[in-house]
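A quick write-up on the structure given underneath.
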Amino acid sequence: MRKVKALPSELKATSYLPEQVPNLRGPVAFFLGRSNVGKSSLLNALLKRSLARVSKSPGKTRSVNLYRWGPKLTLVDVPGYGFAIRSREERDSWRALMAAFFERIPPDSLGLLLMDSKRDLEEEELGLLDSLSERGIPVEILLTKVDRLGQAEREGRRRAFAEIPLTWSFVSAKTGEGLEALRRRLLNYAKATT
Ligand code: GDP
C-alpha cells in the first residue's frame, strides 16, 4: 500500500466553553474516548507531530481542540471523560461542551470512538454511541494500545468485536499499527465529503 504523504497540520482553535465552539463545515472527523485511552498519543502519531498534549495527569485538558489536516479536513480532539471527571460540576461542564460541539458539527461528520483494547464497551461508551446514532452521526471504533495485547488476547478481542455492528480497527501509537490505514480512511472520508 502506498504511504499517505505527510500533510500539513495546524491547531485552528481551542474551545473551553460551549459558546466558544465554532460552527463547523466541510469534513469533520472527531476523536473521543475515556481519559488515558491514548487519544493525544494517537493524534500525534497520526499527524506525525506533537500537536496534542500527552497527559501525565489525566483530565487536565478539558477543551475541544480543532486541527486542520491537509487542505480541508478538520480533526477534532474532544475532551476525554471517565475517571478524570471528579465532581458533578465537572461532569455538567463536560456535557455542556459536548452538547455544543454536537450541535455545531455537520451530520456527515465522522466519529472515532477510542477504546483501550484491554477494556470492554462500558455504559459511558454505550451512551455516547446512542446519542451519536440519534443524531445520525456515523461512528467507528479504534481499539488503542494494541501493542499491549498478546496473540491470544488479540484473537479474543477480534472475536468479541466481530459481534458488534460497527466498524472497528486495532491501533497503536507506539508501534504505528493501524495508523496508515486510519490516515487513508480519513483522506477518503474527506474526499467523499464536501
Ligand atoms: P489521553 O488521555 O487519551 O490523551 O491519553 P495519552 O495519549 O495521554 O496516553 C495515556 C497513557 O497511555 C500514556 O502513559 C501513554 O504513554 C500511554 N499510551 C498511549 N498510546 C499508547 C500505545 O499505543 N501503546 C502503549 N503501550 N501505551 C500508550
Side-chain angles (χ1 to χ4, degrees), residues 3-4 9-16 21 28-69 74-87 90-91 93-95 97-98 101-102 110-129 132 139-158 160-161 166-186:
K3 274 201 147 196
V4 173
S9 53
E10 57 170 329
L11 179 66
K12 293 297 282 183
T14 298
S15 315
Y16 294 93
V21 181
V28 173
F30 61 93
F31 293 75
L32 70 169
R34 189 173 272 271
S35 304
N36 221 33
V37 71
K39 186 155 52 71
S40 314
S41 305
L42 186 76
L43 280 167
N44 285 332
L46 195 66
L47 302 175
K48 298 181 181 159
R49 33 191 303 203
S50 290
L51 284 175
R53 278 168 281 179
V54 178
S55 48
K56 283 283 159 271
S57 57
K60 260 186 163 169
T61 11
R62 211 148 280 304
S63 57
V64 171
N65 301 312
L66 300 138
Y67 302 93
R68 173 56 59 111
W69 192 51
T74 304
L75 292 183
V76 190
D77 179 3
V78 178
Y81 54 87
F83 64 79
I85 297 181
R86 279 168 285 256
S87 64
E90 253 186 303
R91 176 171 296 258
S93 61
W94 176 75
R95 289 212 167 123
L97 194 57
M98 292 296 281
F101 172 70
F102 288 137
L110 175 65
L112 295 152
L113 176 63
L114 277 64
M115 280 186 50
D116 190 313
S117 48
K118 283 189 181 271
R119 301 176 70 113
D120 288 316
L121 278 169
E122 285 174 32
E123 212 173 300
E124 208 91 65
E125 279 93 26
L126 294 171
L128 273 168
L129 288 171
L132 288 166
V139 191
E140 297 181 7
I141 293 186
L142 300 174
L143 295 179
T144 63
K145 310 187 193 180
V146 66
D147 57 277
R148 298 192 309 166
L149 299 191
Q151 209 48 45
E153 265 182 306
R154 186 188 269 259
E155 270 320 300
R157 300 318 275 163
R158 201 188 289 286
F161 276 83
L166 287 170
T167 301
W168 64 273
S169 52
F170 285 134
V171 288
S172 166
K174 197 170 174 184
T175 63
E177 178 173 346
L179 296 190
E180 198 54 24
L182 179 56
R183 284 187 199 105
R184 196 161 294 282
R185 169 77 187 98
L186 291 169

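Just so you know, ligand 1 is whichever comes first in the structure, and atom 1 is the first atom listed for that ligand.
Under the ring pair (Phe, Tyr, Trp, His ring centres under 6.0 Å) criterion, F31 pairs with no residue, sequence neighbours left out. With sequence neighbours left out, the side-chain contact (heavy atoms from CB on, under 4.5 Å) criterion links R158 to R154, E155, W168, F170.
Close approach of ligand 1 to S41 (heavy-atom distance below 4.0 Å) involves ligand atoms 6 (P), 7 (O), 9 (O), 19 (C), 20 (N). Near G38, the atoms of ligand 1 lying under 4.0 angstrom from a non-hydrogen atom of the residue are 1 (P), 3 (O), 5 (O), 6 (P), 7 (O), 9 (O), 19 (C). Residue R148 has at least one heavy-atom neighbour below 4.0 Å for each of these atoms of ligand 1: 26 (N).
Contact record, V21 with F101: CG1-CA, 4.0 Å, taken as the closest heavy-atom pair.
At least one N or O atom of N36, backbone or side chain, sits closer than 3.5 Å to an N or O atom of ligand 1. Some N or O of D147 is nearer than 3.5 Å to an N or O of ligand 1, by distance alone. In terms of N/O distances under 3.5 Å, ligand 1 is approached by V37.
Between K118 and E153, at least one side-chain nitrogen of the basic residue sits less than 4.0 Å from a carboxylate oxygen of the acidic one, meeting the salt-bridge criterion.
In the displayed structure, K174 atom NZ is contacted under 6.0 Å by at most 12 heavy atoms of other residues, nucleotides or ligands.
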